[in-house]
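Step one of this worksheet: look at the structure below.
Heads up: numbering here begins at 1 and tracks the sequence. In each ligand, atom 1 is the first atom listed, and ligand 1 is the first ligand listed. Remember, predicted model here, so these are calculated numbers, not experimental data.
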Amino acid sequence: MDRPRLATVWLGGCSGCHMSFLDLDESLLELAQKVDLVFSPIVDIKEYPHNVDACLVEGAVCNEEHLETAHKIRERTRYVISFGDCAVTGNVSAIRNQLGPRGVENVLQRAYIESADLNQEFPVEPGIVPTLLERVMPLHEVIHVDLYLPGCPPPAPRIKSFLLQLLEGKDPVLTGADIKFG
Ligand code: SF4
């Protein structure tokens, strides 16, 4: 029988959720015997594949590239999982929303002009830096999300329990701060 196809994606987050995933340590070996990891920042595959059974999506939707990726994930994935508080609520990534209508301009000014010692200029070549969206959004504002795994980051034992239940064909039963919507 084919093994379930698992993906993990990193959108607008600090990578801390993926670090927590790696904190599964030896449990990663157990997981590796049960799934095929078909796409992830930790494997060298460039194009998100078709027929993915479950995808953990870290981070909020902050730019046009994230938007495109989120839709591609939705089209090609059975269970989309909002992985960590940035995906679930916007969290740290959404702080710039508080800067109001000039938030994008202020962020670019800070990053490319005020903080630069050399070459103080905005990137001008198209495609070098994805265009920022006016507002950072949690994943479910952009696509339908099937399951939520909150935490900043979600602790490794919670990730393990969640994935093992999913692999057993159950809806993950989450405890404590975990929440499952809809
Ligand atoms: Fe980083 Fe926390 Fe956001 Fe995960 S939820 S990407 S650990 S800030």
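Listed by chain and number, the residues in a side chain to side chain contact (heavy atoms under 4.5 Å, CB included) with Asp53 are Pro4, Arg5 (sequence neighbours excluded). With sequence neighbours left out, the side chain to side chain contact (heavy atoms under 4.5 Å, CB included) criterion links Ala54 to Leu6, Tyr79, Ile81, Leu166.
When the shell of 6.0 Å around CD of Gln109 is examined, it contains more than 12 heavy atoms from other residues, nucleotides or ligands.
Protein N/O/S atoms closer than 2.8 Å to atom 4 (Fe) of ligand 1, listed by chain and residue number, are Cys17 SG.
Put simply, the residue from Thr8, Ile159, Val9 that forms a side chain to side chain contact (heavy atoms under 4.5 Å, CB included) with Phe83 is Ile159.
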TODO: Determine, stepwise, if the pair Trp10 / Cys17 fulfils side chain to side chain contact (heavy atoms under 4.5 Å, CB included).
DONE: CA-CA 9 Å; Trp10 177 14; Cys17 292; over 6 Å; no
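Other members of the hydrophobic cluster containing Val92, listed by chain and number, are Ile95; membership follows side-chain contacts under 4.5 Å among ILVMFWY residues, whether direct or relayed.
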